[in-house]
Amino acid sequence: MEAAALSRIGLAGLAVMGQNLALNIAEKGFPISVYNRTASKVDETVGRATFEGGLPLNGHHSPREFVLSIQRPRSIIILVKAGAPVDQTISTLSQFMEPGDAIIDGGNEWYENTERRIREASARGLLYLGMGVSGGEDGARHGPSLMPGGSFQAYGNIEEIVTRVAAQVDDGPCVTYVGEGGSGNFVKMVHNGIEYGDMQLISEAYDVLKVIGGLSNVELAEIFAEWNRGELESFLIEITADIFKVKDEHGEGELVDKILDRTGMKGTGKWTVQQAAELSIAAPTIAASLDCRYLSGLKEERESAARVLDEAGINGDVSVKRSRSIEKKGLVDDVRQALYASKICSYAQGMNLLRAKSEEKAWNLNLGELARIWKGGCIIRARFLDRIKKAYERNRGLANLIVDPEFAREMVQRQGAWRRVVGLAIEAGISTPGMCASLAYFDTYRRARLPANLVQAQRDLFGAHTYERIDRPGSFHTEWTKLARESKAGAVVL
Ligand SMILES: *[C@@H]1O[C@H](CO)[C@@H](O)[C@H](O)[C@H]1NC(C)=O
């Protein structure tokens, strides 16, 4: 039997994402070897490659045969569940790998696990990349956004492959070498946090339009489709328009109304908020989206709270006043602007989190370039990411997206609509935590003077934490209680 030619790359872990990424790589003309502990997964993938017209994909049931079937220096992508399965897969495969070979973990891994594995791999002469992969199964198959970080040499070995496999947009493939260490995983984590925020904000827009505006699913489908032709153009807006169109096969009306209002999650959103807290970066919109998922999980509690507060008469005060005959067209236009402005604040938070981490770890992240590789392939892909990219190109040290001259102008143009929507929602008792968090972030950030002076005074009073003054240098402590007793100021009757 003739010895088979060696593959250019290998991929282990053939769940949906792994299969699709392997087929994508093969389709771009790079012969690939695939492996999975479960033999049927290998056969399934080989079957798909054959069905798609004989893509250059070789299946292996033995980890040794798999590794040896790849040309050196080897690059092996692993796509298994984050955590222990990654360590297991590495130990299975690495025993057959040789110095100079590289492992590329494409899962949603915690960045510190990647940094540990980089050290362990390098002790054996192996290279390592932690590569964020976004775009779901369709992205993996037809062009994902890829966020590789770790060994630059390992990146060099697969650059020609990933630049062909990634989504392609007007200014290039949606992949770049992100930086050292676990930076690729960290960037993917923040991408997911931003994704949480986007989804929350869209759900709030839906809630306001449906409950206050009284819009039907048919109207919502039309409006989201229209929004997708303007400044909000994005994957999430597009799929939302589609969702409203799907009828319920088990009954009347549309499927969306029959879905239980309890959101699942896998952890990257939580990590994002934890990291924001660790780094003292305000990320209130992303945090609000996480809180909302927690509250959505309390379905039974919410149902009983609704009953209790209904009996206590809440609807007398906060029921939606349709009688005020909300003008639909105006409301739709306001909600669109509120959504856009809220989104900018959410992205500003995510970007600032990335910058803070980059400074802590000396990753030297290029925020404009990260916005660019999110323009295609990934779940948060959107037209306005091009504008974010340009904002950071104009000014690499931009303190906050909000103060980029173009975004600043847009925020100001939309603030009226934004405040109307949030005000209307608050009055009607429709919670819009994401939009409120974004607006509060905006209003806090843009105000030169905040009531933090009073908090400082309180801290100094009860804890002698001292304070600074606005009119002279140094730190000060005051005997507040004693001076207050002596003063007559409290005697004024209002
Ligand atoms: C193979 O498939 C199984 C089941 O689908 C999965 O749990 C496992 O992580 C996969 N990966 C490897 C490398 O065996």
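Note that ligands are numbered from 1 as they come in the structure, with each ligand's atoms numbered from 1 the same way. No hydrogens, no waters, no symmetry mates; every other heavy atom, side chains included, goes into these values.
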Contact with ligand 1 for Leu14, non-hydrogen, under 4.0 angstrom: no

Close approach of Ala15 to ligand 1, heavy atoms, under 4.0 angstrom: no

Should the ring pair [X] and [Y] be called parallel, tilted or perpendicular, given that the plane angle runs from 0 to 90° and is split at 30 and 60?
X: Phe384; Y: Phe407; result: perpendicular
X: His191; Y: Trp374; result: perpendicular
X: Phe186; Y: Tyr111; result: perpendicular

Side chain, backbone, both or neither: Asn36 near ligand 1, heavy atoms under 4.0 Å: both

Ligand 1-proximal atoms of Arg37, by part, heavy-atom distance under 4.0 Å: both

Carboxylate-amine/guanidinium proximity below 4.0 Å for Arg8 and Glu160: yes

Presence of salt bridge, Glu393 and Arg387, under 4.0 angstrom: no

Nearest neighbour in protein (non-hydrogen) for atom 5 (O) of ligand 1: Lys41 CE, 3.2 Å

Close-contact set for ligand 1 against Thr38 heavy atoms, below 4.0 Å: 1 (C), 2 (O), 3 (C), 4 (C)

